[in-house]
Amino acid sequence: MSNSANSGPGGKKPQAASTSNFIRQIVEADLATGRHAKILTRFPPEPNGYLHFGHAKSICLNFGLAAQYRGACNLRFDDTNPEKEEQAYVDSIIDSVRWLGYEYGAAPRYASDYFDFMYRAAEHLIEHGHAYVDSQSAEQMRANRGTLTEPGHASPHRDRSPAENLTLFREMRDGRHADGAHVLRARIDMASPNINLRDPAIYRIRRATHHRTGDKWCIYPMYTFAHPIEDAVERVTHSICTLEFEDQRPFYDWLLARLADGGVIERPVPQQIEFARLNLTYVVLSKRKLIQLVEEAHVEGWDDPRMPTLAGARRRGYTAEGFRRFAERVGVSKANSVIEFAILEDAMREHLNEVAPRRMGVLDPLKLVIDNYPQGGEELLEQPNHPQKPELGRRPVPFSGELWIEREDYQEIPEKGFFRLYPGNSVRLRFGYVIECTGMRDGVVHCNYHPDSRSGTPGADAYKVKGNLHWVSARHAHAAEVRLYDRLFRVANPDGVADLNPDSRRIVRAQLEPALGEALPGETFQFERHGYFVRDPKDAGFNRTVSMRDSWTPRNAG
RNA sequence: UGGGGUGUCGCCAAGUUGGUUAAGGCACCGGAUUUUGAUUCCGGCAUUCCUAGGUUCGAAUCCUAGCACCCCAGCCA
């Protein structure tokens, strides 16, 4: 409803215009030709695990297209395999999709809602000679499927009559046969160079309790058969999936054409479009590897802030908006690619920089005493919450003669280019006074301050110093645990746990400005000069989301 | 030696009805502003589009032949 006056897809100002990609082109063409008046996409996870960064790309793609072209996107659970799926996963997935900020209508859909329909569609195929019940064992089926270079061989049951097939299929449904005794297969072409067309199995007998349909069924449709039907029933226009389903598309089209011819579903039928899944440097996204991280306790669970899960991202302080920007930046194509993790980090930084209030926190405390500051004195210093956004207001920060400063901000003998604190040098305490260092004695840094240098007072700017240090009044500090997260793996293309980064988490006892004591769970801040931090939704600690860009340390760090 | 895909700057990615100097982002390198060595800003960064031929006045875009990489032989999705 908003910005309907804007021309072009994206509907934003030129600067925010989204770049073209092949899926947008298909959609635009379909809209232009009138093939579709309105598009409908879908995000179809199997509820057998937690959503990760890769799913975020898919979610942003599907829901993003719907939003951009004023269509809709369904959240649909592809729950056709009761042995692997659980309600707990659907809850967590719903939670994550919501968190990413997308709406999918009144309620999520479930493939299992269409089991009756699918069953009827199967009978339709049987009646028209397009499917048959095979009674070979799984091993026999495999042996007869042929290989990549040799054609397969027909099953001895391939020519059963429709009547016989119907009877057998109904018996399968009625529980008259053991698991694995029979399977329903599409009758296509055992010699097809595309192995997926060599009479793929479409229904199997599986006595398992389904998380939604319970024990109503003992036969379940296979993805191959179920997915196109789910799309068609919902009148999905563009069914977007990953590259590995490319070879499946001929079957997708074969099935839908027959069902449409038979009047089982309506035209136009959905179109399957494949894109390259997300790969990220320094990250593993395969389910097997993620499970291993959790089960072997290399992390503290699926929502560990180091995990590339959406649950982990939330605790890490990553934002939904950051993911959306990230998805837009990496684009969509069919080329297998590996995105540099820096792009994700930068998307998060960019968003956080805009919205995170500034605070001061000392992560590696070193005591600083201002020798000429009034004994026991203290005062409140006003600091802006955001240097570029005065509308975010200001806050008072208590100051006194005894402060915590960052250990790395002091060097007894300054290295080349170091312009922070060292004997004889002056720096400004951020939004406070200019101090001159007199040296370190007994592990405490000493200095004197210039009473007329207080920020905001007349003449304060007369002091020209290069260094600007954050600080926290020792007497007023809020001590808290802060976890400094870094990449989970130390190599760009991690293979497994052998590549784990031993320093992926550093826990420190930090001294924070008192306002941080009232941070709400999940609230995000920029700790000046350090990075972005989020108050952990689960406890009183803070998690580092991402550090600031730093053009100094990298060059000089050993 | 089957089938399906993909190859444009370090990493992504526009561009594909053939037509001036091959978008943009990230990274990187300069420089300006800056009470965050942050942000912001300005500038630099592919005579070249997997390779080799060919067609053409003109090709990343067309043709031919190669090469590289990814996916497919679950009663998983």
Side-chain angles (χ1 to χ4, degrees), chain A residues 17 19-21 44-46 48 78 80-81 83-85 134 136-138 141-143 145-152 179-185 192-198 200-206 219-220 222-224 226-227 241-250 274 276 281 325 328-347 349-350 353-354 358 360 383-384 386-388 417-420 427-432 434 455-456 460-461 463 465-470 492 526-531 547-553 555-556:
Chain A
T19 78
S20 170
N21 67 50
E46 179 186 17
N48 70 341
D78 216 343
T80 58
N81 185 352
E83 291 175 317
K84 294 188 174 177
E85 297 147 8
D134 195 357
Q136 297 182 102
S137 66
M141 264 183 68
R142 190 189 325 121
R145 187 150 28 228
T147 68
L148 294 179
T149 53
E150 308 159 59
D179 286 15
H182 307 284
V183 65
L184 184 69
R185 289 228 253 173
S192 173
N194 179 348
I195 292 184
N196 297 287
L197 258 25
R198 319 240 263 230
I202 58 179
Y203 254 102
R204 77 283 218 186
I205 305 173
R206 213 29 114 257
I219 57 172
Y220 291 93
M222 305 273 298
Y223 164 88
T224 308
H227 206 89
C241 61
T242 42
L243 255 26
E244 67 270 29
F245 293 103
E246 222 155 8
D247 292 338
Q248 211 98 264
R249 191 172 66 233
E274 311 84 15
T281 58
R325 294 184 188 196
E328 186 58 40
R329 283 187 194 186
V330 303
V332 182
S333 77
K334 299 189 69 156
N336 277 313
S337 59
V338 184
I339 306 307
E340 289 177 346
F341 194 72
I343 295 182
L344 211 214
E345 288 193 310
D346 189 73
R349 264 196 208 103
E350 180 186 271
N353 174 50
E354 292 168 15
R358 314 284 120 131
M360 293 194 294
Q383 298 208 5
H386 191 118
Q388 283 84 36
F418 185 81
F419 54 68
R420 277 115 93 154
V427 300
R428 178 175 289 282
L429 292 171
R430 193 146 169 79
F431 293 110
V434 169
S455 290
D461 290 338
Y463 291 88
V465 293
K466 241 190 146 197
N468 209 304
L469 311 188
H470 61 278
Q526 182 196 98
F527 286 7
E528 295 210 31
R529 303 212 297 140
H530 279 304
S547 63
M548 299 289 259
R549 265 209 202 86
D550 185 351
S551 57
W552 163 251
T553 310
R555 275 201 301 261
N556 301 59

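Sequence lines set the chain letters: A, B, ... in the order given, protein chains first and strands last, and positions in each chain run from 1. None of the values given here were measured: they were computed from a predicted structure.
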Self-check item: Touch class at under 4.0 angstrom, heavy-atom based, for A:Arg142 against every strand present
Solution: sugar-phosphate

Quiz item: Within the distance-only criterion (no hydrogens, no angle test), does the side chain of A:Asn194 pair as donor or acceptor with the backbone N or O of A:Asp247 below 3.5 angstrom?
Solution: yes

Practice problem: Report which part of the nucleic acid A:Phe245 touches: base, sugar-phosphate, or nothing (heavy-atom distance under 4.0 Å, all strands). | Solution: base

Quiz item: Do any side-chain nitrogens or oxygens of A:Arg349 fall under 4.0 Å of OP1 or OP2 in B:rU40?
Solution: no

Exercise. Would you please determine if the base of B:rG37 is stacked by A:Trp552, with stacking meaning a centroid separation under 5.5 angstrom and planes under 30 degrees?
Key: yes

Quiz prompt | Touch class at under 4.0 angstrom, heavy-atom based, for A:Thr80 against every strand present | solution = sugar-phosphate

Quiz item: Would you say a side-chain N or O of A:Thr224 is under 4.0 Å from OP1 or OP2 of B:rA77?
Solution: no

Quiz item: What nucleotide, of B:rA23, B:rC12, B:rC75, holds the atom closest to the side chain of A:Val330?
Solution: B:rC12

Quiz item: For B:rG44, does the glycosidic angle fall within 90° of 0 (syn) or outside that (anti)?
Solution: anti

Quiz item: So what does A:Pro45 touch, heavy atoms closer than 4.0 Å: a base, only the sugar-phosphate, or nothing?
Solution: nothing

Check nucleotides 42-45 of chain B against the protein and report each pair of N or O atoms closer than 3.5 Å, with its distance, or say if there are none.
none

Quiz item: Taking A:Ser547 for the side chain and A:Gly531 for the main chain, is one N or O donor matched with an acceptor at less than 3.5 Å?
Solution: no

Practice problem: Mind checking side-chain contact (heavy atoms from CB on, under 4.5 Å) for A:Ile195 and listing every partner two or more places apart, or none if nothing turns up? | Solution: A:Arg145, A:Leu148, A:Arg198

Practice problem: Applying ring-ring contact (aromatic ring centres under 6.0 Å, His included), name anything that partners A:Tyr463, two or more places apart in sequence or on another chain. | Solution: A:His450

Practice problem: Report which part of the nucleic acid A:Ala138 touches: base, sugar-phosphate, or nothing (heavy-atom distance under 4.0 Å, all strands). | Solution: base

Quiz prompt | Proximity to the side chain of A:Tyr223 - top-ranked nucleotide from B:rA14, B:rA38, B:rA77 | solution = B:rA77

Practice problem: With P as the reference atom in both, quote the distance from B:rA22 to B:rA60 in angstrom, rounded to an integer. | Solution: 9 Å

Quiz item: Which part of the nucleic acid, if any, lies within reach of A:Gly467 when heavy atoms closer than 4.0 Å are counted: base, sugar-phosphate only, or nothing?
Solution: nothing

Exercise. Would you indicate which nucleotide in B:rC72, B:rA23, B:rU36 comes nearest to any side-chain atom of A:Met548?
Key: B:rU36

Self-check item: Under 4.0 angstrom between A:Arg145 side-chain N/O and B:rG74 OP1 or OP2
Solution: yes

Quiz item: ring-ring contact (aromatic ring centres under 6.0 Å, His included) with A:Tyr223: which residues, sequence neighbours excluded?
Solution: A:His227, A:Phe245

Practice problem: With the side chain of A:Ser337 defined as its heavy atoms from C-beta on, choose the nearest nucleotide among B:rA77, B:rG2, B:rA13. | Solution: B:rA13

Quiz item: Does A:Arg206 put a side-chain nitrogen or oxygen below 4.0 Å from OP1 or OP2 of B:rC76?
Solution: yes

Quiz item: Taking only N and O in the side chain of A:Arg529, is any of them less than 4.0 Å away from OP1 or OP2 of B:rG37?
Solution: yes

Quiz item: Using a cut-off of less than 4.0 Å, is there contact between a side-chain N or O of A:Ser20 and OP1 or OP2 of B:rA14?
Solution: no

Exercise. Classify the nucleic acid contact of A:Val465 as base, sugar-phosphate or nothing, counting any heavy atom under 4.0 Å across all strands shown.
Key: nothing

Practice problem: Return the set of residues passing side-chain contact (heavy atoms from CB on, under 4.5 Å) with A:Asn353 (not counting sequence neighbours), or none when no residue passes. | Solution: A:Arg358, A:Gln526, A:Tyr532

Quiz item: Checking all strands, does A:Asn468 fall into the base, sugar-phosphate, or nothing category for heavy-atom contacts under 4.0 angstrom?
Solution: base

Practice problem: Quick one: label A:Asp461 by what it contacts on the DNA or RNA (base, sugar-phosphate, nothing), any heavy atom closer than 4.0 Å. | Solution: base

Quiz item: Would you say a side-chain N or O of A:Arg204 is under 4.0 Å from OP1 or OP2 of B:rC76?
Solution: yes

Quiz item: For A:Arg430, which contact category applies under a 4.0 Å heavy-atom criterion: base, sugar-phosphate, or nothing?
Solution: base

Exercise. Using the C1' atom as the reference point in each nucleotide, state the distance between B:rC70 and B:rC50 in Å, no decimals.
Key: 15 Å

Self-check item: N-O pairing of A:Arg325 and A:Glu354 below 4.0 Å
Solution: yes

Might you list the N or O atoms of the protein lying below 3.5 Å from N or O atoms in nucleotides 3-5 of chain B, with each pair's distance?
from  : atom 1 : to       : atom 2 : distance (Å)
B:rG3 : N2     : A:Asp247 : OD1    : 3.4
B:rG3 : N2     : A:Asp247 : OD2    : 2.6
B:rG4 : O2'    : A:Asp247 : OD1    : 3.2
B:rG5 : O2'    : A:Glu246 : OE1    : 3.4

Practice problem: Scan A:Gln248 against the nucleic acid and name what it touches under 4.0 Å (heavy atoms): base, sugar-phosphate only, or nothing. | Solution: base

Quiz item: Which part of the nucleic acid, if any, lies within reach of A:Gln526 when heavy atoms closer than 4.0 Å are counted: base, sugar-phosphate only, or nothing?
Solution: base

Practice problem: Using a 4.0 Å heavy-atom cut-off across all strands, classify A:Met360 as base, sugar-phosphate, or nothing. | Solution: nothing

Exercise. Map A:Ile339 and A:Asn353 onto RNA chain B by nearest heavy atom, then report which one ends up closer to the 5' terminus.
Key: A:Ile339

Quiz item: Reckon A:Ser137 has a side-chain N or O less than 4.0 Å from the OP1 or OP2 of B:rC75?
Solution: no

Practice problem: Classify the nucleic acid contact of A:Ser333 as base, sugar-phosphate or nothing, counting any heavy atom under 4.0 Å across all strands shown. | Solution: sugar-phosphate

Exercise. Look at A:Glu528 together with A:Arg430 and state whether they make a salt bridge at an N to O cut-off of under 4.0 Å.
Key: yes

Practice problem: Give the rounded distance in Å between these two atoms: CG of A:Asp346 and P of B:rU40. | Solution: 9 Å

